[in-house]
Amino acid sequence: MFFDRSHFALLTLATLALCPVCATASPEAVTPDATLITPAEVRLRYPVTQRLDIVEDHFGTKVADPYRWLENDVRVDPAVRDWVTAENKVTSAYLDALPERETLRRRMQALYDYGRYTIPRKAGNRYFYGYNSGLQNQTPLFMREGLTGKQRLLVDPNDWAKDGATALAEWRPSPTGRHLLYAVQDGGTDWRTLHVLDVGTGKLLDETIAWVKFSDLSWDRTGEGFFYSRFAAPVEGEAFQSTNENQQIYYHHLGTPQAQDQLVYATPDRPKLGHNAQVTDDGQWLIITSHLGTDPRYEVLVAALDGGPIQPRPLVRGLDNQWKLIGSRGTTLWFVTDKRAPRQRVVTLDAARPRARLVEIVPQRADTLAGGSMVGNRLILAYMSDAATVAELVELNGRKIGDVPLPGVGTAAGFGGKTGDPETFFAFSGFTTPTTIYRYDTSTGTAAIFAQPELAFNPDDFATEQIFYPSKDGTKVPMFVIRKKSLATSATPAPTILYGYGGFNISMTPGFSATRLAWLEQGGVYAIANLRGGGEYGKAWHDAGRLANKQNVFDDFIAAGEFLKANGYTTANGLAIEGRSNGGLLVGAVVNQRPDLFAAALPGVGVMDMVRFDRFTAGRYWVDDYGSPEKEADFHLLYSYSPYHNIAGGKDYPAILVTTADTDDRVVPGHSFKYAAALQSADLGERPHLIRIETRAGHGSGKPTDKVIDEYVDSYAFAARFTGLSIRQQGR
């Protein structure tokens, strides 16, 4: 499968003897059990957060970190747990008093309540896919014998936890479909536990594989075992904070305990390398891809799976370029790469002759090649054209056959398949078009609907416009603007949420969101800026927004807000901004730089301390995009825009609702905890600066439907209050 939008986005201290929630200086400060005020009142009474006298010297710069104790794990440190409880009490009281919440909740529930499928995977004559009837917290997995066979439930994660927070994560059927390998994700953590199901009987095998993280799952050709990546078991109490190093690839043979799994590949001399394993469709070759950070710069090894010892040999040396395997035939391996092609091309390498030169199959072109796959005896290639998908069918020698028929401007994903079988499936969605699943035949070039949702709204009521606006340095940046057609026709300004990300080569492409649609139905505008740092226009666009160029991302986002105001999309005081993960960093940074531009800000699970981000879990990977705090030049740049360190007291800040979760082990919640404490202790005007901390949730994946709805009800009711959006009882 391709068009994968996932990425590795993004220190236990001694427990404080003194409870941090006690009285010291803060505006209108009271103890956490004091009477809370309503949104109609001018000032909030925040819990007081204990300040420590921590100041460190970084290359001659004195850096204060008074809230470092909030980095401690909430599960381990009772002081942090008390702080979280007190903050949630203040935030809940404020949000509960917003009358718009229940109207938004009812509408979001109605918009979520439709049957939706995931892209099927075929194994033998069996088809495996997810199906959620609407408001189920987790999506169950089903199977059909044959394309039109009766649907049978295989795995229902909704039975795993009372709060719905234990999710079915990655899964893969064995080559014949006899067994199903699947991963369990508990409470939103990135850690996975693997299990194996006998598909015919529906019974679990005695297989439990622990401490799996950031792993592909790949069966051998016989279905007798599989390859996976794992880390060593962490020290007790540090599972959600300690850095992830020394990833290893193992092979597990069914019917044996994990302790007997075969170590296939490790690099103890280079502990920061991560590794993933993929078996070619014909089962002849094991491809090992190693990476150092988040950049698509890989080393590639190949090993013959001929029944003898597995002996990986270098195929591509050096961490210089992207190499994504998309298919094989015999010893010939097809890859998508950016080697001498910043917008990517297709080449072949010889698995039996690793030193042989690559052969170009499809050269790069003006559009960015987002991914590819081999299905049947042909290749499907997906390109990004101004952040929308265009797909093509080509011969194995690179000759174009024609375009894959897509239903409009949007995002296509999927296209998984195997050599010799022309059948594949893909999903297509747009900003106001929920995901529809299509079956596609590469031998005939025809597509047909496999599953289409029934809608609780009329997509024709909305208009999507793509505009190009100038950034500070004159660069033209694309932005999607979605709103009701009546607003577009009358050119009426309206309260607006501007969303951005701008990092890690991640592209913001069209996709459906029920929560976003609830905002649009109420007469709000939603804009998504395709900032530099993303992957919309290839390597150059990514490079223009990272490391020493990171300020370009902030400038692009600020320019987007200025454009929306200057050109009548939003009102003078009607602009809110939203971003998650690296986008949370974006929101925090631009609020510090231009607090006057925004009425409200919604930074979610953000990277807020740019001095210490690399010390926790996956943070060390991010130096590819951010730079290293351990290098002097990088430190000064990081410190200059770090949201936690650059809060500008004495200025009127927008209303801010920080959101995070206690089990986020991608961007640990200490980032948001420290940032919120710093906001609340500063003189930033009359508008509220709150933090909402979800329990048994993580960075986003696996979050139950009810928790997703709850968070966006709170976030958008908060944004509506400060942008002037009137929430009506009738959503439509």
Side-chain angles (χ1 to χ4, degrees), residues 9-10 49 58 61 63-68 70-71 87 498-504 531 533 545-547 550-558 561 576-598 600-616 619 622-623 625-627 629 634-660 664 666-685 687-693 699 715:
L10 304 183
T49 305
H58 292 259
T61 299
V63 178
D65 191 4
Y67 303 115
R68 183 174 295 178
L70 286 173
E71 294 175 350
E87 288 287 345
L498 170 63
Y499 186 92
Y501 188 81
F504 297 97
L531 312 171
R546 68 188 183 114
L547 299 173
K550 188 65 175 178
Q551 184 60 41
N552 286 338
V553 183
F554 311 142
D555 290 343
D556 290 354
F557 201 56
I558 289 169
I577 51 174
E578 181 183 10
R580 300 182 65 81
S581 193
N582 175 71
L585 158 64
L586 167 70
V587 170
V590 299
V591 163
N592 286 339
Q593 294 181 14
R594 284 294 306 277
D596 60 297
L597 188 59
F598 315 112
L602 304 172
V605 292
V607 187
M608 299 309 201
D609 183 345
M610 302 309 296
V611 175
R612 291 172 60 81
F613 72 85
D614 60 337
R615 299 177 183 231
F616 304 97
W622 311 336
V623 297
D625 240 55
Y626 297 149
D634 290 352
F635 162 76
H636 289 299
L637 180 67
L638 293 163
Y639 185 60
S640 72
Y641 67 77
S642 177
Y644 171 55
H645 297 98
N646 288 278
I647 294 168
K651 295 183 179 181
D652 284 336
Y653 265 45
I656 300 174
L657 178 61
V658 182
T659 53
T660 187
D664 189 346
R666 185 81 57 90
V667 179
V668 293
H671 280 279
S672 293
F673 293 176
K674 292 166 64 175
Y675 173 66
L679 286 173
Q680 292 175 359
S681 68
D683 177 15
L684 302 175
R687 284 177 282 197
H689 306 124
L690 303 169
I691 182 168
R692 182 188 188 280
I693 305 155
H699 199 60
S715 296

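Worth saying up front: this structure is predicted, and the values here are computed from it rather than measured.
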Please evaluate residues His689 and Ile647 with respect to the criterion side-chain contact (heavy atoms from CB on, under 4.5 Å), reporting the C-alpha separation (whole Å), side-chain torsions for both, the decisive distance (0.1 Å), and the verdict.
CA-CA 12 Å; His689 306 124; Ile647 294 168; over 6 Å; no
If we check side chain to side chain contact (heavy atoms under 4.5 Å, CB included) with Ser642, which of these qualifies: Met610, Met608, Arg612?
Met610
If every non-hydrogen atom of [X] is compared with every non-hydrogen atom of [Y], which pair is closest and at what distance?
| X | Y | answer |
| --- | --- | --- |
| Pro629 | Gly627 | CD-O, 3.8 Å |
| Phe504 | Asp625 | N-OD2, 2.8 Å |
| Gly584 | Pro603 | O-CB, 3.9 Å |
| Ala589 | Pro643 | N-CG, 3.8 Å |
| His699 | Asp664 | ND1-OD2, 2.8 Å |
| Gly579 | Tyr499 | CA-CE1, 4.0 Å |

Quick one: side chains of residues 649-658, donor-acceptor pairs under 3.5 Å with protein atoms, not counting sequence neighbours, listed by atom name and distance.
residue : atom : partner : partner atom : Å
Tyr653  : OH   : Asn592  : OD1          : 2.7
Tyr653  : OH   : Ala648  : N            : 2.8

Begin from the C-alpha positions of Tyr675 and Tyr67 and carry the test side-chain contact (heavy atoms from CB on, under 4.5 Å) through to its verdict.
CA-CA 9 Å; Tyr675 173 66; Tyr67 303 115; over 6 Å; no
Any side-chain heavy-atom pair of [X] and [Y] under 4.5 Å:
| X | Y | value |
| --- | --- | --- |
| Ser715 | Thr659 | yes |
| Phe557 | Leu597 | no |
| Thr49 | Phe673 | no |

Could you walk me through whether Glu71 and Asp609 pass the side-chain contact (heavy atoms from CB on, under 4.5 Å) test, one step at a time?
CA-CA 11 Å; Glu71 294 175 350; Asp609 183 345; 4.2 Å; yes
Check whether Asp556 reaches the backbone of Leu531 with its side chain - one donor and one acceptor, N or O, closer than 3.5 Å.
no
Classify the ring geometry between His671 and Phe616 as parallel (under 30°), tilted (30 to 60°) or perpendicular (over 60°).
perpendicular
Report the distance from atom [atom1] of [X] to atom [atom2] of [Y], rounding to the nearest 0.5 Å.
| X | Y | atom1 | atom2 | answer |
| --- | --- | --- | --- | --- |
| Arg546 | Asn552 | CZ | CG | 13.0 Å |
| Lys550 | Leu586 | NZ | CG | 7.5 Å |
| Ile691 | Leu679 | CD1 | CG | 9.0 Å |
| Leu602 | Arg692 | CG | CZ | 11.5 Å |
| Tyr644 | Ser672 | OH | OG | 12.5 Å |

Residues at least two apart in sequence or cross-chain that pass ring-ring contact (aromatic ring centres under 6.0 Å, His included) with Tyr641, listed by chain then number, are Phe554
Decide yes or no on side-chain contact (heavy atoms from CB on, under 4.5 Å) for Val623 and Phe613, but give the supporting numbers first.
CA-CA 9 Å; Val623 297; Phe613 72 85; 4.2 Å; yes
With Tyr626, which of Asp634, Asn582, Asp614 fulfils side chain to side chain donor-acceptor pair (under 3.5 Å)?
Asn582
